[in-house]
Every structure is written in C-alpha cells, then in structure tokens.
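Just passing along the structure, written as structure tokens.
Computed over heavy atoms, backbone and side chain alike; hydrogens, waters and symmetry mates excluded. Just so we're on the same page: letters track the sequence lines, and every chain starts at 1. Everything numeric in this text was worked out from a predicted model, so none of it was measured.
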2 protein chains.
Amino acid sequence: MTVPPQTQPVKPSAADPVEEFLKRRKKATINDVAALARVSKKTVSRIINNSPSVREETREAVNAIIARIGFRPDPQARGLAFRRSFLLGLIYDNPNAQYIVNMQMGILDKVRGSGIELVVHPCDKTSDSFLEEIRDFVELQRLSGVILLPPIAENRQLIQVLEELAVPFVRITARHGDDNSPPIKTSQVVSRDRMGCQQAADHLVELGHRRIGFIEGPHTYASAKERRQGFAEGLKAHGLDIDPAVTAEGAYSFESGFEAGQKILSQPDRPTAIFASNDEMAIGAYKAALQMGLSVPGDLSIIGFDDSPLASRIYPALTTVRLPIRDMGRTAAETLIDQDNHRKHTMIFDAALVVRDSTAPAPKTFKP
Amino acid sequence: MTVPPQTQPVKPSAADPVEEFLKRRKKATINDVAALARVSKKTVSRIINNSPSVREETREAVNAIIARIGFRPDPQARGLAFRRSFLLGLIYDNPNAQYIVNMQMGILDKVRGSGIELVVHPCDKTSDSFLEEIRDFVELQRLSGVILLPPIAENRQLIQVLEELAVPFVRITARHGDDNSPPIKTSQVVSRDRMGCQQAADHLVELGHRRIGFIEGPHTYASAKERRQGFAEGLKAHGLDIDPAVTAEGAYSFESGFEAGQKILSQPDRPTAIFASNDEMAIGAYKAALQMGLSVPGDLSIIGFDDSPLASRIYPALTTVRLPIRDMGRTAAETLIDQDNHRKHTMIFDAALVVRDSTAPAPKTFKP
DNA sequence: TTGTACGCGTTATCAT
DNA sequence: ATGATAACGCGTACAA
C-alpha cells in the first residue's frame, strides 16, 4: 500500500541536511535553524519576533525550516535576553473559590496558545512582609504582567510597589473611580456592581416590598461600598431609603450572613425582603429564615450577589446579581498581552439581575 | 535626631565597595557578589547551590555580601543553565472549583518560599491535540514537576507522555492500584474514597435504613468505581447489597443528581435514604425530594461526598464524606520538591464521614 | 578548596 | 536586508 511519492516535486535526497537533523532527535535551537537555512541567528531571531526588515523570500525559507524541524524558541533563553519572562502573575488574597476559578478561566481563555503561562500567587494581606513578598515575586520572575483581584486591588501601597517595578498590571475592581477619593490611574477592569444592586432594589419594590432588610459587606471593601450605594440609589428612585433598623454588616461569609439575618428578622415589624451583598450571606439569611419557620419566598424574599454555584443549587433557587467574571478575566489578560500597553485602559462590565425563585410578591400585611 | 553610629564597630568608610555598589541601585548579579567578595563566580555558585566543598570562612564571607547587597539568583538564568525551570505545573481538566482551589492552596503551602512557582494549566481532554498540548507545555517550560488531577490523572497515554519527557510527576487519584488492571507505577497521592463510603453505608444502616438509594458517578471515573465499591462493601458488612432498582448513574453534576433523585424517589417502595457519590448530585437529590414534598431528613436521609461549601451551607446541612484535599496537594508538592525523587512514592489519605443534619433514623414503615 | 573558560538559547549592537 | 560578536546571568568541565 506504499504509494511512491510521485507528486512530490523535490525528491528528498538521503543527504538532505534537514532529514539528517531530524534523525538526531534533539530539540531544535535557533542555531540549527540558522545553519539549516544558511542564514545567521540574527535573521532567524528577526523572523521569530516578526521584524519587518527581512526579505519575504528569506522569511518563507526560514519559516519552512522552522516548521519542518519543529523549532520553538526557548522561553527561558528568550526571557533572559529580553529581561522579562513570559509569565502572567495572578495575585489575590481572599476571594471565594468560584470567583478565583472563574477569573482563572477567563485569563486562560486568552493566555492559551499565546506562549504565555499563568502563575498563581495568593498572598496574605495581613502579613508584615506582604508588600515585600509580592515585590520579590514580581521582580524575581520578571513577570510580563500582573492581575490584581479585590480586595488587594484597592491597596494603594501595593499599587505603588507595582508602579515602581514598572510591571504592566491590571486591577479588577468594583469601584468606578469617580468619587471624591483621588482617582487611581492604572489599567482596570471594573464591574458595575451599583447597577446590579439598583436592579435588585427595583425588583423588590416592584414586587410590592416596602420594608427591605439589607446585609452589607465589610466597609473596607470597595465592592461593599458600591453595592450599598447602588442599593440605596435603587430604593431612592422609588422614594425609599436604606433603613438602619433592618441593616447589618457582614463579613461576606455564610456565618456572618446567618447572624445578620437573625438580627434583622427578629426586629419588630420584620421586613418582607432582604438584599444581601453577596450569595454567601444571602444563603446564611436563608438558614436564619428557615430556622425561624419562615418560608422563602412566601414570607421572605431574598436576593444575593455573585451568582455563585450555591445560588442555583439551593432550594428555592436564589435570585441574585451576576457579574461576568470570566469575561473580566479574559479582558484583563488581553490588555496585558495585546499591549497597546502604555495607555491606561478602563474597561467596564455590566451586572445583571438573575431572577429565580427566592423572590415573590410581598405578603399582604394586616395593617391597612 | 540622627544618632551617630557609635555602636557600629566597623566604621563604614566612604570607599567601602559594598556601599559604592549599593548606591548604584542596580539588581545584584553573581558577578557583583564575586567581585565584592573577591572570589570567583564559581565559588559563589557553589555556595548558592550549597556544595559542601567550600571553606566555612569563605562561605560566611560570601553570604555576608549576598545579604548586604540583597543578591538573589535569577531563576531564568539559573533555569537556562540547569536546563529546567523552577516551575511546577498543575494540569487538570474538569474538577469543581472548590476542589481546584483547595488543591492549589495545598500546593502553595509547600511552594511558598521555596523559590518555586505554580503554573496552572487546565486542558480539554476531549480535544484532538490534548496530548500534544500538554507535551508542548511541559517540554517548553521545562517544568521541574507536574501534578495531575483526576480524571486525567488516570489517562494512560498522558502518563506515558510524561514518562517520555522524563519530568517528575505525581498523580492524584482515588484508585489504590491493587485491582486487576496493571498497576500504574508512578508517584501518586491516593485518597481512601472507599473507606469513606463504607462509613456512609455504616451510618445509614445503623440509623435503621434498609432500602437505600444510590447515585453513582460516571463509570469512566476511577473515583466513581471506588466509591461504588466502598459503598457496596459497607452494605455487605450488614448483609445488604446495592439495589439496582434504586440506583442511577449521574455525571457528578447537580442536574444529573436531580434527575437521578427523581427517578429513584419515584420507584415503588421508595428508599428512606440516598447515598450520592458527590455533593453536587446529593444537592440535586435534595431538590428532587423537596419538590416531591419529602422532608430531609424526616422522610429521606441523604449523604454526599466531598464536603464542598454547599454541604455546610445547604439547609439542612448535608452529611458527607470529607477528603483532605489541601493536605493531598501539599504532599504532592512535597514529593516533587523534596525529591528523593527517583523513588516512586504512594501516599494514602483517609476519608472521614462528616455527620450533619441530613441524616436521621429511618422513618417507621407501616409494614410489620 | 578555588578559578578559568566555555556553554545554555536567545536578543541587541553596530557594522556592512 | 543581513551578519559577526557581545551581552543576558548562571552552571560545569577541567585545570590549578
């Protein structure tokens, strides 16, 4: 069944240097390419880095050799010469697992096939050597870019360290820098948390809720502030306000949401709905409500934020606000890799309310 | 307020070469150290790589210089000379977010401060170029080690590729290689899934359950087989068997668990308990039960596997089997980094039943 | 025990 | 447009 290679115009002589080389079964280097193509290393290098100043003929010839012997430039050697690696660093402190993994997936969507790899580097923002450790990491690895996740993406000192290091970096954040605080001038991928919370408020009010509890996040988090503000704005549009009597601060954790829920639901004139600043706390409020014998959404409507896996799996499924985390991750990686890179970009992503089964019309009250 | 350095025994002369160097504010290289310490590069190199053949005096003197000028060897240059990088690769296809993050945390526990960094590399096992992509990744990055997660940790072809590449690697798996299948001779971190499932069976039987439904994982997963076998063994110890009439195969997903639950619970002579091979499916079964008006655990006890965040957050909290994922990750990294490394290790980790609120004594039946 | 000379695979300089 | 030669920062023969 062996077909003679009649259609092959060039008969591969046994002495073909390329064939000879392939027999040696060694990883090809730029030297091999240069020798086989009868050009200098530099020319090959120019082609690899697609410099314009190379004749089209030469380029094609060399590329043919590269393809035949399967040459791929060594990132380490390349990095040594370039004084930078082909690694992206993902630095974060605390966020939940799903957030991290979604973000990683987004980044990897972009990174895949680009010759760049992703290095994950969690850290402890409460550590004394917090900044030093990150400095060492970035400097030593000569990262070609860094992505910062909340909450440390809002850390001014950290930002300054990265600026000193002159490494391109992108911050993921919920804060649109238009407040009184001095604007942070770096590339950033911003989510419109506020918008999502406005929608949540809208949704509840339209369902007839008037007395609405609020579980907010830690005041130190930019996202917590944004969500509070968005929720407040949403209420205000209907002539309502956040009611301190049925508001509690949580720590973005399940337990804190449970406690906040207990507190809010034991108030006189109990609210008919609760908006929690994230899903973890919303689920905690579920537990508090169910333990008190309240039915969701019959007696109490609940809205969360994040659209975590919990939200869709809990029963009844949780109405929540979704952020396009994966898209944000991909975009962050894009600004780092496709660098027009000296400009500081700000990319904004919308939030969207996902209505499920934890919200229903407000129960009739017995007061007229 | 400037205190004269009276306590300083050595007066730092303005001409101190080290001080001179520090003024230049450049990153120190091995050459700087050598020059400042008046030894050769090689000696410094020996000290970095703690070769024994260096006089103690010399070592201390050089180390002093290293400390003073803050020299840290460049991983890229070092890697180029060593022909390997200081990167660990984490390769996986599909597992859930919490699993991935726990595993990453475990690995990072070990990696932190070791001068090694972690590169995450998800892949698509259904892709045509699956093996090629991984080969390229490992070869190009010259990884110093690879950690494989289930289910691709059981992929024979992949294992063969890594062996050809001669890269140290560790597989994380549920299968203790003592079956009829040819044993896989590589380093591996094994979890005793079987043990956990036996305990689950024990627990249910001791609560008086006799008719017990079973939702198993995909037959292609080693963990699914192990869990089935463990559950079967647990039942057998009490003279019971897995009952095909109330058994269904799921895909380790919430939806599949929901469907399996519906199917099992609509059987005549409905079971009083269900064991699901992971938490996702167990939560799906929750939903099925609640939709049918059954109460958990009043009418139906449920046990899951994984101790995912869902398990403790759902109401009532799910009884489940916990695996020490983070410990397993740390151990995997240890075998790669502290290499005695030519030996193939097998490290085994126990599973533990976590009893919460989704299991209760079997309801009295009306048959005598 | 220590040093010299060279190699690792690539890019940059400055010619031609 | 192309090439010779020197970096890049570190490790290893081999010699001393």
Completion exercise
Expected string for nucleotides 7-12 of chain D under the B/S/- scheme (protein heavy atoms, under 4.0 Å, primed atoms plus P, OP1, OP2 as sugar-phosphate) is -BBBBB
Handout entry: Residues within residues 58-67 of chain B bordering DNA chain C, heavy-atom distance below 4.0 Å
Key =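 Contacting residues: B:Thr58.
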Problem - Value rounded to 0.5 Å, distance of CD in A:Gln76 from CG in B:Asp74 - result: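 One finds 9.5 Å between CD of A:Gln76 and CG of B:Asp74.
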Problem - Helix axis bend for the helix from C:dT1-D:dA16 to C:dT16-D:dA1 - C1'-based end axes, five pairs, 10° rounding - result: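 About 30° separates the two local helix axes.
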Practice task
Tell me, with the steps shown, if B:Asn49 and B:Arg78 meet side chain to side chain donor-acceptor pair (under 3.5 Å).
Solution key: CA-CA 11 Å; B:Asn49 300 289; B:Arg78 211 138 168 265; 2.7 Å; yes
Practice task
Report the C-alpha separation of B:Thr126 and B:Asp124 in whole Å, then their side-chain angles, then the decisive distance to 0.1 Å, and conclude whether the side chain to side chain donor-acceptor pair (under 3.5 Å) test is met.
Solution key: CA-CA 5 Å; B:Thr126 66; B:Asp124 176 8; 2.7 Å; yes
Tell me which donor-acceptor pairs under 3.5 Å the side chains of residues 79-90 of chain A have, and how far apart each pair is, sequence neighbours excluded?
| residue | atom | partner | partner atom | Å |
| --- | --- | --- | --- | --- |
| A:Ser85 | OG | A:Leu87 | N | 3.3 |
| A:Ser85 | OG | A:Gln141 | O | 2.9 |
| A:Ser85 | OG | A:Arg142 | O | 3.1 |

Handout entry: Results of salt bridge (charged side-chain N to carboxylate O under 4.0 Å, His left out) for B:Arg326 - residues two or more places apart only
Key =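 Salt bridge (charged side-chain N to carboxylate O under 4.0 Å, His left out) check on B:Arg326 returns B:Asp109.
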Practice task
Could you tell me whether A:Ser53 contacts a base, only the sugar-phosphate backbone, or nothing, with contacts defined as non-hydrogen atoms closer than 4.0 Å?
Solution key: base
Practice task
Could you tell me from which nucleotide to which nucleotide of DNA chain C, 5' to 3', there is an atom under 4.0 Å from chain B heavy atoms?
Solution key: C:dT1 to C:dG9
Exercise for the section: Could you list the residues that satisfy ring pair (Phe, Tyr, Trp, His ring centres under 6.0 Å) with B:Phe137, not counting sequence neighbours? Expected result: B:His121
Fill in the blank from the handout: Sequence neighbours excluded, the answer for side-chain contact (heavy atoms from CB on, under 4.5 Å) partners of A:Leu131 is A:Gln157, A:Leu158, A:Val161
Practice task
Would you indicate whether the side-chain heavy atoms of B:Leu148 and B:Ile172 approach each other to under 4.5 Å?
Solution key: no
Exercise for the section: With sequence neighbours excluded, give me every salt bridge (charged side-chain N to carboxylate O under 4.0 Å, His left out) pair touching residues 48-57 of chain B. Expected result: B:Glu56-B:Arg59
Problem - Close side-chain approach of A:Val33 and A:Val62, heavy atoms under 4.5 Å - result: yes
Exercise for the section: Give a yes/no answer on whether the side chain of A:Ser40 brings an N or O atom under 4.0 Å of OP1 or OP2 in D:dT2. Expected result: no
Practice task
Name all residues meeting the side-chain contact (heavy atoms from CB on, under 4.5 Å) criterion together with A:Glu139; count only those two or more places apart in sequence or in a different chain, and write none if there are none.
Solution key: A:Arg135, B:Lys27
Handout entry: B:Lys42: partners by side-chain contact (heavy atoms from CB on, under 4.5 Å), with sequence neighbours left out
Key = B:Ser40, B:Ser45, B:Arg46
Handout entry: Contacts of B:Lys41 that satisfy salt bridge (charged side-chain N to carboxylate O under 4.0 Å, His left out) - sequence neighbours left out
Key =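 By the salt bridge (charged side-chain N to carboxylate O under 4.0 Å, His left out) rule, B:Lys41 matches no residue at all.
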